[in-house]
Amino acid sequence: MKKVIVSTKENLDYGTLIWIYANNRKVYRSSKSIDSEMPFHHYDSHYMGMMEELYRDQEKHPLLFKQMIEESNRIFGVCLNKRRNEDGSRDMKVLFFSDWDSVQDFAEDTYPKLVKAEVKRRKEAKQKWLERGKLFSEKKKMSQ
């Protein structure tokens with residue numbers, strides 16, 4: 001399991017499954033979030049591009065992906081968070097696994113805890129945003 005920051009043109013949701021085939025280096029994603037009960041062949045696949053298009057750090061990531069792909073015929077990733085860059089591209093923190101069993105273990109044990117933490121983080125961020133908006137609105141009313 002390795003955490004990698006990748007760049008994509010697509011807006012991937014939290015928990016999106018990504019996989020890369022070793023033989024042709026093509027990258028696919030699912031529109032569904034990872035689920036511990038669902039076998040791999042039940043996920044839909046959407047072509048994202050070639051593996052080289054995912055690199056954010058051209059020095060480090062090509063070697064990392066090459067090493068992981070040499071160990072398996074397909075590697076899997078799960079998106080954990082995202083951020084938008086100034087140029088409009090998106091960076092995703094993706095956790096990569098060398099086999100499907102490792103993904104299933106992650107989905108069963110760790111992922112539900114991460115989802116709860118992410119939901120809590122989003123609620124807190126929304127509440128903070130609402131409070132700042134309310135303060136701004138009150139200041140604007142007082143200045144008029």
Side-chain angles (χ1 to χ4, degrees), residues 1-22 24-69 72 74-144:
M1 165 169 60
K2 300 191 189 280
K3 262 187 201 172
V4 178
I5 295 180
V6 299
S7 295
T8 82
K9 298 172 204 158
E10 301 181 44
N11 188 15
L12 304 179
D13 290 329
Y14 194 85
T16 300
L17 180 65
I18 295 174
W19 58 96
I20 303 171
Y21 288 101
N24 57 16
R25 297 178 177 258
K26 290 184 178 179
V27 181
Y28 294 86
R29 69 161 176 87
S30 173
S31 58
K32 298 176 185 172
S33 182
I34 188 72
D35 181 2
S36 63
E37 303 297 319
M38 191 160 48
F40 175 68
H41 62 276
H42 285 174
Y43 286 94
D44 56 347
S45 65
H46 303 281
Y47 178 69
M48 288 179 57
M50 299 302 289
M51 183 176 74
E52 292 75 18
E53 296 170 13
L54 291 178
Y55 302 151
R56 177 173 182 250
D57 182 345
Q58 292 294 328
E59 300 291 319
K60 183 178 175 185
H61 287 81
L63 182 60
L64 177 67
F65 280 118
K66 183 180 177 191
Q67 289 172 343
M68 289 183 75
I69 281 185
S72 177
R74 183 180 344 159
I75 60 174
F76 301 93
V78 178
C79 293
L80 295 182
N81 69 7
K82 59 187 170 185
R83 62 178 178 251
R84 184 181 297 262
N85 298 322
E86 291 177 14
D87 64 357
S89 64
R90 293 174 180 89
D91 285 346
M92 311 282 171
K93 189 181 292 182
V94 180
L95 198 55
F96 278 99
F97 302 88
S98 58
D99 60 37
W100 183 245
D101 290 336
S102 300
V103 176
Q104 290 292 87
D105 291 343
F106 173 79
E108 191 173 302
D109 300 332
T110 309
Y111 184 69
K113 296 173 194 166
L114 293 176
V115 168
K116 286 179 185 175
E118 179 67 7
V119 167
K120 182 180 177 185
R121 184 197 65 78
R122 287 181 183 180
K123 282 182 182 178
E124 289 171 354
K126 182 178 180 180
Q127 186 62 35
K128 193 174 186 179
W129 180 80
L130 289 171
E131 288 170 5
R132 283 189 298 196
K134 187 176 178 182
L135 284 173
F136 177 78
S137 177
E138 288 173 0
K139 283 182 182 178
K140 193 153 186 136
K141 284 180 184 177
M142 292 182 117
S143 66
Q144 290 178 350

Exercise. Checking side-chain contact (heavy atoms from CB on, under 4.5 Å) for the pair Lys26/Met50: CA distance, chi angles, key distance, verdict?
Worked result: CA-CA 5 Å; Lys26 290 184 178 179; Met50 299 302 289; 3.7 Å; yes
Exercise. Can you list the residues that meet the salt bridge (Lys or Arg N to Asp or Glu O under 4.0 Å) rule with Asp105, with sequence neighbours excluded?
Worked result: none
Exercise. How far does CG of Asp13 sit from SG of Cys79, to the nearest 0.5 angstrom?
Worked result: 8.5 Å
For this session: Just jot down the ring-ring contact (aromatic ring centres under 6.0 Å, His included) partners of Phe76, sequence neighbours excluded, or say none.
Result: Phe40, Trp100
Exercise. Would you call the rings of Tyr28 and Tyr21 parallel, tilted or perpendicular if under 30° counts as parallel and over 60° as perpendicular?
Worked result: perpendicular
Problem set entry | Partner set under side chain to side chain donor-acceptor pair (under 3.5 Å) for Ser45, not counting sequence neighbours | none
Problem set entry | Residue list, salt bridge (Lys or Arg N to Asp or Glu O under 4.0 Å) with Arg121, at least two apart or on another chain | Glu118
Problem set entry | Partners passing ring-ring contact (aromatic ring centres under 6.0 Å, His included) against Phe136 (at least two apart in sequence or in another chain) | none
Problem set entry | Value rounded to 0.5 Å, distance of CD1 in Ile18 from CG in Leu95 | 11.0 Å
Exercise. Passes side-chain contact (heavy atoms from CB on, under 4.5 Å), Leu12 versus Met48? Steps please.
Worked result: CA-CA 11 Å; Leu12 304 179; Met48 288 179 57; 4.0 Å; yes
For this session: Would you name the heavy atoms of Ser72 and Ala22 that are closest together and state the gap between them?
Result: O-CB, 3.5 Å
Problem set entry | Which residues share a side chain to side chain donor-acceptor pair (under 3.5 Å) with Asp99, sequence neighbours left out | Ser102
Exercise. Say you draw a straight line from CD1 of Ile34 to OH of Tyr43; how long is it, rounded to the nearest 0.5 Å?
Worked result: 3.5 Å
For this session: Mind checking the CE-OG spacing from Met38 to Ser33? Nearest 0.5 Å is all I need.
Result: 8.5 Å
Exercise. What is the minimum heavy-atom distance between Trp19 and Asp44, and which atoms define it?
Worked result: CH2-O, 3.3 Å
Exercise. How far does OH of Tyr14 sit from CE of Met92, to the nearest 0.5 angstrom?
Worked result: 13.0 Å
Seminar exercise, completed: In this structure, CG of Asp35 is separated from CD of Gln104 (nearest 0.5 Å) by 8.0 Å
